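Note sheet for the following structure.
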Amino acid sequence: MKEKKITIGCDHAGYELKLKVIAHLQERGYEVLDVGTHSTESCHYPEIAHEVCKNIQNGVTELGILVCGTGIGMSMAANKHKGIRAAACSDTFSARLTRVHNDANVLCFGERVVGMGLALDLVDNFIDAEFEGGKHQYRVDMITAIEQQEL
Ligand code: RB5
């Protein structure tokens, strides 16, 4: 059975949308670990990305969600962490395929880019998809080898 627990974080620009996403996940029976930020007061997105990534690296949750203005800064910061494969998505096909092919463990999107309806669809596509493994595992292993500077 799939883990029904997920870590989420946002900066000030993603705060309002994050609240909607949390409510949606809870309605779906998920335990949501919210690492902040907790208001629309300006903050620094790399700090939040770091908190979400630490939870994944430490095995607290398998997956994470990051919301900022565009989703891009969060994904850049998250992808600097070992073992993290973060994808900034604004379409549902990519949100699903990044799990199926890339075994992405962090979904990022932007409150200034996507509306609430699309954001919730992105989340559903991401969390409901399964990594396919096989040839995709080989490629994900190559990403890890780059990370370890072994390729
Ligand atoms: C904050 O203004 C904004 O730069 C941030 O939320 C994000 O979009 C960065 O990528």
Side-chain angles (χ1 to χ4, degrees), residues 3-28 30-131 136 139-140 142-149 151:
E3 180 187 62
K4 287 204 126 186
K5 189 159 98 169
I6 197 157
T7 306
I8 193 165
C10 69
D11 71 355
H12 54 285
Y15 178 69
E16 300 294 346
L17 187 53
K18 182 185 74 173
L19 297 183
K20 305 275 195 303
V21 171
I22 291 173
H24 176 71
L25 286 165
Q26 287 171 338
E27 260 173 43
R28 287 200 49 180
Y30 272 74
E31 181 187 345
V32 183
L33 308 186
D34 181 3
V35 299
T37 189
H38 299 293
S39 76
T40 53
E41 193 180 323
S42 185
C43 67
H44 307 301
Y45 61 81
E47 289 175 353
I48 304 292
H50 187 53
E51 292 305 313
V52 167
C53 292
K54 274 197 304 189
N55 263 14
I56 294 164
Q57 288 175 321
N58 295 333
V60 178
T61 65
E62 283 170 20
L63 300 179
I65 296 175
L66 284 163
V67 193
C68 63
T70 59
I72 296 171
M74 284 293 199
S75 66
M76 287 180 172
N79 278 319
K80 297 294 179 190
H81 293 78
K82 283 202 169 155
I84 298 298
R85 290 174 298 281
C89 297
S90 51
D91 70 274
T92 54
F93 181 78
S94 300
R96 183 167 60 82
L97 264 286
T98 200
R99 285 282 309 123
V100 175
H101 285 190
N102 315 127
D103 199 16
N105 45 18
V106 179
L107 172 68
C108 308
F109 50 85
E111 182 174 330
R112 296 171 181 165
V113 181
V114 299
M116 185 187 82
L118 178 52
L120 302 187
D121 277 358
L122 294 175
V123 168
D124 286 343
N125 273 273
F126 185 75
I127 64 180
D128 292 339
E130 301 264 14
F131 179 50
H136 300 296
R139 294 161 186 165
V140 170
M142 291 175 84
I143 295 174
T144 306
I146 292 171
E147 190 175 78
Q148 316 276 358
Q149 307 210 329
L151 193 71

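Note that the structure is a prediction, hence the values are computed from the model and not measured. Indexing begins at 1, ligand by ligand and atom by atom, following the structure's order. Note: hydrogens, waters and symmetry copies are ignored here, and every other heavy atom, side chains too, is used.
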Under 4.0 Å from a heavy atom of Ala13: give me the atoms of ligand 1 that qualify, with their elements.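 Answer for ligand 1: 6 (O).
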Please could you name the atoms of ligand 1 that Gly69 approaches to less than 4.0 Å, counting only its heavy atoms?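 Once the distances to Gly69 are compared, the set is 5 (C), 6 (O), 7 (C), 8 (O).
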For ligand 1, is His12 a contact, meaning one of its heavy atoms is under 4.0 Å away?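 His12: in contact with ligand 1 (<4.0 Å).
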Under a heavy-atom criterion of less than 4.0 Å, does Glu111 contact ligand 1?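 Glu111 does not count as a contact of ligand 1 under the 4.0 Å cut-off.
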Would you say ligand 1 has an N or O under 3.5 Å from any N or O of Cys68?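 It does not: no N or O of Cys68 is found under 3.5 Å from an N or O of ligand 1.
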Ligand 1 and Asp11, any nitrogen or oxygen pair closer than 3.5 angstrom?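 Between Asp11 and ligand 1, an N or O pair is found under 3.5 Å apart.
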Quick one: pull up OG in Ser94 and CG in Leu122 and give me the separation to the nearest 0.5 Å.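 If I round to the nearest 0.5 Å, the distance is 9.0 Å.
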Using every non-hydrogen atom in the two residues, find where Thr40 and Glu16 come nearest and quote the distance to one decimal.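 In this case the closest contact between Thr40 and Glu16 is CG2-OE2, 3.7 Å.
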Can you see which heavy atom on Lys18 is nearest to which on Gly9, and at what distance?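 Lys18 and Gly9 have their closest heavy atoms at CD-C, 4.0 Å.
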Please examine the side chains of Phe131 and Asn102, heavy atoms only from C-beta on, and report whether any two atoms are closer than 4.5 Å.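 No, side chains not in contact.
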Leu118 vs Thr92 side-chain heavy atoms within contact, under 4.5 Å: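 They are in contact (side-chain heavy atoms under 4.5 Å apart), so the answer is yes.
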Considering heavy atoms of the protein only, find what lies nearest to [atom] and give residue, atom and distance to 0.1 Å.
atom                    : value
atom 10 (O) of ligand 1 : Gly73 N, 2.8 Å
atom 9 (C) of ligand 1  : Tyr45 CE2, 3.5 Å
atom 3 (C) of ligand 1  : Arg112 NH1, 3.9 Å
atom 8 (O) of ligand 1  : Thr70 N, 3.0 Å

Going by an N to O cut-off under 4.0 Å, is there a salt bridge joining Arg99 and Asp128?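 Result for this pair is no, no salt bridge flagged.
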For Thr61, what residues pass the side-chain hydrogen bond (donor to acceptor under 3.5 Å, both in side chains) criterion, not counting sequence neighbours?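 Thr61 satisfies side-chain hydrogen bond (donor to acceptor under 3.5 Å, both in side chains) with Thr7 once adjacent residues are dropped.
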